[in-house]
Trainee: 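Encoded as structure tokens, here's the structure I'll be asking about.
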Amino acid sequence: MYCYTHVNQFTCIFNELQLWTRISSEHPIFLKTVANLANIKLPKPLEDNLDNIHKMFLRLYNNVLYVKKDVSMNPTLCAKHIINVKRLIDEFLLHDTHALSFYPQLLKFGTQNKAWQELIKHIISEQTFMFELFKDLRHQI
């Protein structure tokens, strides 16, 4: 965590966004890989939803990099930058809400595989942490 829950500069917000959008984009790929290795057969609609979550967060990650570069090229803090950062956080919160409503469905599969179950619970916990972090950061802007 770069901001220590208190925004001290925009750089820390960009670092948080960059870190957590990347991690959030990797979670679905990791889950599909582990399910495959553990012979946990996920229905196609669930796999498709994992792919969509991956794509949503990856697209957001790329947007974060673009806005971060734009801000660094024009370091004067202006309303446009603040609006863009708020938009990125709002989009993260939207995607995270979707992921958090979806991931518990995965607990219905591989019920005998404790590692799988703990992995899903860990990811849900991590995504919940991210949600609270970005709600707090958004509130501070």
Side-chain angles (χ1 to χ4, degrees), residues 1-111 113-141:
M1 190 160 109
Y2 295 95
C3 294
Y4 305 104
T5 68
H6 295 288
V7 175
N8 52 20
Q9 56 183 325
F10 262 26
T11 302
C12 73
I13 295 174
F14 281 117
N15 289 342
E16 293 289 354
L17 280 165
Q18 198 170 335
L19 172 70
W20 295 116
T21 55
R22 184 61 171 209
I23 289 172
S24 295
S25 77
E26 293 170 352
H27 279 159
I29 302 304
F30 187 58
L31 286 167
K32 282 179 62 174
T33 302
V34 171
N36 186 40
L37 292 172
N39 291 321
I40 298 169
K41 304 296 183 212
L42 298 176
K44 175 119 173 70
L46 292 184
E47 286 191 356
D48 290 346
N49 205 346
L50 286 169
D51 289 338
N52 288 335
I53 291 170
H54 164 71
K55 289 174 188 172
M56 287 186 314
F57 279 112
L58 186 58
R59 190 171 31 255
L60 181 56
Y61 172 78
N62 289 326
N63 288 342
V64 168
L65 295 180
Y66 175 79
V67 172
K68 183 179 181 180
K69 182 179 177 184
D70 184 45
V71 170
S72 69
M73 292 174 69
N74 182 8
T76 306
L77 187 62
C78 63
K80 178 184 107 173
H81 294 140
I82 294 169
I83 290 168
N84 284 337
V85 170
K86 285 181 178 181
R87 181 187 50 79
L88 291 170
I89 291 173
D90 289 344
E91 190 173 342
F92 183 92
L93 292 170
L94 180 68
H95 296 334
D96 201 35
T97 299
H98 173 72
L100 283 168
S101 69
F102 171 73
Y103 287 145
Q105 295 176 46
L106 299 175
L107 291 168
K108 298 174 187 170
F109 300 90
T111 55
N113 187 322
K114 299 294 184 200
W116 169 254
Q117 295 291 311
E118 288 303 313
L119 173 63
I120 295 167
K121 290 174 187 174
H122 170 77
I123 288 174
I124 291 169
S125 174
E126 197 168 69
Q127 294 293 154
T128 301
F129 166 80
M130 293 176 215
F131 187 84
E132 293 302 319
L133 171 67
F134 283 110
K135 260 188 12 185
D136 182 51
L137 295 177
R138 174 69 167 84
H139 179 71
Q140 292 181 55
I141 297 176

Trainee: In terms of ring plane angle, is the pair H27 and Y103 parallel, tilted or perpendicular, where the classes change at 30° and 60°?
Mentor: perpendicular
Trainee: Run the numbers on K44 and D48 for salt bridge (charged side-chain N to carboxylate O under 4.0 Å, His left out), then give the verdict.
Mentor: CA-CA 6 Å; K44 175 119 173 70; D48 290 346; 2.8 Å; yes
Trainee: Take N62 and Y66 through the side-chain contact (heavy atoms from CB on, under 4.5 Å) test and state the conclusion after the steps.
Mentor: CA-CA 6 Å; N62 289 326; Y66 175 79; over 6 Å; no
Trainee: For the CG atom of L119 and the CG atom of L31, what is their distance to the nearest 0.5 Å?
Mentor: 5.0 Å
Trainee: Is there a side-chain contact (heavy atoms from CB on, under 4.5 Å) between S24 and M130? Walk through the geometry before answering.
Mentor: CA-CA 9 Å; S24 295; M130 293 176 215; 3.2 Å; yes
Trainee: Any heavy-atom pair between the side chains of N15 and L19 that's under 4.5 Å?
Mentor: no
Trainee: For L17 and I13, run side-chain contact (heavy atoms from CB on, under 4.5 Å): C-alpha distance rounded to whole Å, both residues' side-chain angles, the deciding distance at 0.1 Å, then the answer.
Mentor: CA-CA 6 Å; L17 280 165; I13 295 174; 3.9 Å; yes
Trainee: Taking the six-membered ring for Trp and the single ring otherwise, decide whether the centroids of F57 and F92 are under 6.0 Å apart.
Mentor: yes
Trainee: Any side-chain to backbone donor/acceptor pair from S125 onto K121? Under 3.5 Å, distance only.
Mentor: no
Trainee: When rounded to the nearest 0.5 angstrom, what distance separates OG in S101 from CG in D96?
Mentor: 10.0 Å
Trainee: Could you pull out the closest heavy-atom pair between S25 and L58, with the gap in Å?
Mentor: CB-N, 3.6 Å
Trainee: What is the minimum heavy-atom distance between K41 and F109, and which atoms define it?
Mentor: O-CD2, 3.8 Å
Trainee: Could you state the interatomic distance from CZ (R59) to OG1 (T21), rounded to the nearest 0.5 Å?
Mentor: 12.5 Å
Trainee: Could you state the interatomic distance from CG (L88) to CG (L137), rounded to the nearest 0.5 Å?
Mentor: 12.5 Å
Trainee: Measure the CE-CG distance between M56 and L94 for me, rounded to the nearest 0.5 Å.
Mentor: 7.5 Å
Trainee: Pairing donors with acceptors under 3.5 angstrom, does anything connect the side chains of H95 and E91?
Mentor: yes
Trainee: Please identify each residue that fulfils side chain to side chain contact (heavy atoms under 4.5 Å, CB included) with N113, with sequence neighbours left out.
Mentor: A38, I40, A115, W116
Trainee: Between D90 and R138, which heavy-atom pair has the shortest distance, and what is it?
Mentor: OD1-NE, 2.8 Å
Trainee: Under 3.5 Å, is there a donor-acceptor pair between the side chain of T111 and the main chain of K108?
Mentor: no
Trainee: Is any side-chain heavy atom of N49 closer than 4.5 Å to a side-chain heavy atom of H98?
Mentor: yes
Trainee: How long is the straight-line distance from CD1 of I123 back to CD of E26, given to the nearest 0.5 Å?
Mentor: 10.5 Å
Trainee: Without swapping roles, check the side chain of E132 against the backbone of Q127 for a donor-acceptor pair under 3.5 Å.
Mentor: no
